[in-house]
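Worksheet: the structure to be examined is printed underneath.
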Amino acid sequence: MPSHAVTKSSHYVSVQQTSSVGGATSGSRYLSWSIGGKSHYFCSLQGILRILELVLVLIVLILARVGDGGNILHFGGADADFIGIGASVGLTFILLAFIVCHLVGHLPPTLLEVLINLVGAILLLTAGSLAISYHSPRYDRNYRDSQEGLALGVIAIIAGIVFAIDFLLSLRHMKISIK
């Protein structure tokens, strides 16, 4: 099938749309920025979301480790800590691996990225909700770590929302064929 691509560019921003002729039309559009005329991973929407995810997960990890005046800041009970710290550490390594793969030109499978985004969103939203539900009554009673715990929960929820947005955007690029 013949296909064509249309690119509209300004000095720094380009929008590309590809479509195929012959009955089926693909409206895949993506926004990318260029540095010195070269397209770069960190200048794409996916790259920006990855960096934002990594920064937020690192903030959650640092807050969980030293957020209570140099001591461990808990997400809640032992199970909540296991979910929060496990998700933070695991997602940090996975995000670093994805970024390195994109930088060296070896793209990870799209299905893997979609599933990691879904699992990351679920885990971080759960960990943030557990932290808020644990520290909210403690805030009312003026516990010393309650403000930091609420901040931990809110940042974990924000990170989960960013993962959910990345999940929804990455679904557009996934093509599944069942034979």
Side-chain angles (χ1 to χ4, degrees), residues 30-32 40-104 106-176 178:
Y30 64 89
L31 183 65
S32 66
H40 199 273
Y41 175 67
F42 293 127
C43 296
S44 68
L45 182 59
Q46 184 185 22
I48 291 170
L49 284 173
R50 279 285 178 238
I51 297 300
L52 183 60
E53 289 167 353
L54 182 62
V55 167
L56 288 171
V57 168
L58 283 173
I59 290 172
V60 168
L61 189 60
I62 291 169
L63 272 175
R65 178 62 186 103
V66 295
D68 184 18
N71 297 320
I72 295 174
L73 184 60
H74 295 281
F75 284 88
D79 292 336
D81 283 342
F82 186 75
I83 289 173
I85 294 171
S88 302
V89 171
L91 288 171
T92 299
F93 287 123
I94 290 170
L95 290 173
L96 286 172
F98 279 170
I99 290 170
V100 168
C101 285
H102 279 284
L103 289 179
V104 298
H106 183 68
L107 303 178
T110 306
L111 180 61
L112 179 65
E113 288 187 329
V114 168
L115 291 175
I116 293 295
N117 287 332
L118 177 64
V119 170
I122 292 170
L123 285 175
L124 287 172
L125 288 171
T126 302
S129 299
L130 289 171
I132 288 176
S133 69
Y134 177 74
H135 288 283
S136 184
R138 295 168 58 93
Y139 180 77
D140 295 337
R141 296 186 200 118
N142 294 324
Y143 279 80
R144 67 178 172 85
D145 66 344
S146 60
Q147 289 181 340
E148 294 86 354
L150 288 174
L152 174 68
V154 168
I155 293 172
I157 287 178
I158 291 170
I161 290 170
V162 172
F163 269 94
I165 290 169
D166 196 9
F167 167 72
L168 292 174
L169 291 176
S170 64
L171 275 179
R172 296 186 315 162
H173 299 291
M174 193 170 77
K175 295 177 179 125
I176 298 177
I178 300 173

Nearest-0.5 Å distance that lies between atom CD1 in Ile116 and atom CZ in Phe167: 12.0 Å
Minimum side-chain heavy-atom gap Phe163-Leu95 below 4.5 Å: yes
If only atom types and distance count, is the side chain of His74 paired as donor or acceptor with the main-chain N or O of His135 below 3.5 Å? no
Nearest heavy atoms of Ala121 and Ala164, plus distance in Å: CB-N, 3.7 Å
Is there a side-chain contact between Ile62 and Val66 in this structure, where contact means two heavy atoms from C-beta onward sitting under 4.5 Å apart? yes
Gap between atom CD1 of Ile59 and atom CG of Leu152 - 0.5 Å precision: 11.0 Å
In this structure, CD1 of Ile155 is separated from CG of Leu150 (nearest 0.5 Å) by 11.0 Å
Are there over 12 heavy-atom neighbours, none belonging to Asn71, within less than 6.0 Å of that residue's CG? yes
Taking it one step at a time, do Asp81 and Leu130 satisfy side-chain contact (heavy atoms from CB on, under 4.5 Å)? CA-CA 9 Å; Asp81 283 342; Leu130 289 171; over 6 Å; no
Report yes if some heavy atom in the side chain of Phe75 is under 4.5 Å from a heavy atom in the side chain of Val60; otherwise report no. yes
Can you check whether Asp166 reaches Arg50 side chain to side chain, under 4.5 Å on heavy atoms? yes
Is a donor on one side and an acceptor on the other found under 3.5 Å between the side chain of Asn117 and the backbone of Glu113? yes
Any chance you could measure Leu118, atom CG, to Leu168, atom CG, to the nearest 0.5 Å? 9.5 Å
Val100 and Leu96: CA distance, side-chain angles, deciding distance, side-chain contact (heavy atoms from CB on, under 4.5 Å) verdict: CA-CA 6 Å; Val100 168; Leu96 286 172; 5.5 Å; no
Are Phe98 and Leu112 side-chain neighbours, meaning at least one heavy-atom pair lies under 4.5 Å? yes
CG (Leu54) and CD1 (Ile99) are apart, to the nearest 0.5 Å, by 5.0 Å
When every non-hydrogen atom of Ala64 is compared with those of Ile85, the smallest separation belongs to CB-CG1, 4.4 Å
Restricting to non-hydrogen atoms, name the atom on Ile122 and the atom on Thr126 that form the minimum distance, rounded to 0.1 Å. O-OG1, 2.7 Å
For Ile83 against Ala127, the heavy-atom pair lying closest together: CG2-CB, 4.2 Å
If I compare all heavy atoms of Ser170 with all of Thr110, which pair ends up nearest, and what's the gap? O-CG2, 4.4 Å
Apply side-chain contact (heavy atoms from CB on, under 4.5 Å) to Leu124 and Ile157, showing your working. CA-CA 6 Å; Leu124 287 172; Ile157 287 178; over 6 Å; no
Show the nearest heavy-atom pair for residues Gly149 and Leu73, with the distance to one decimal. N-CD2, 3.8 Å
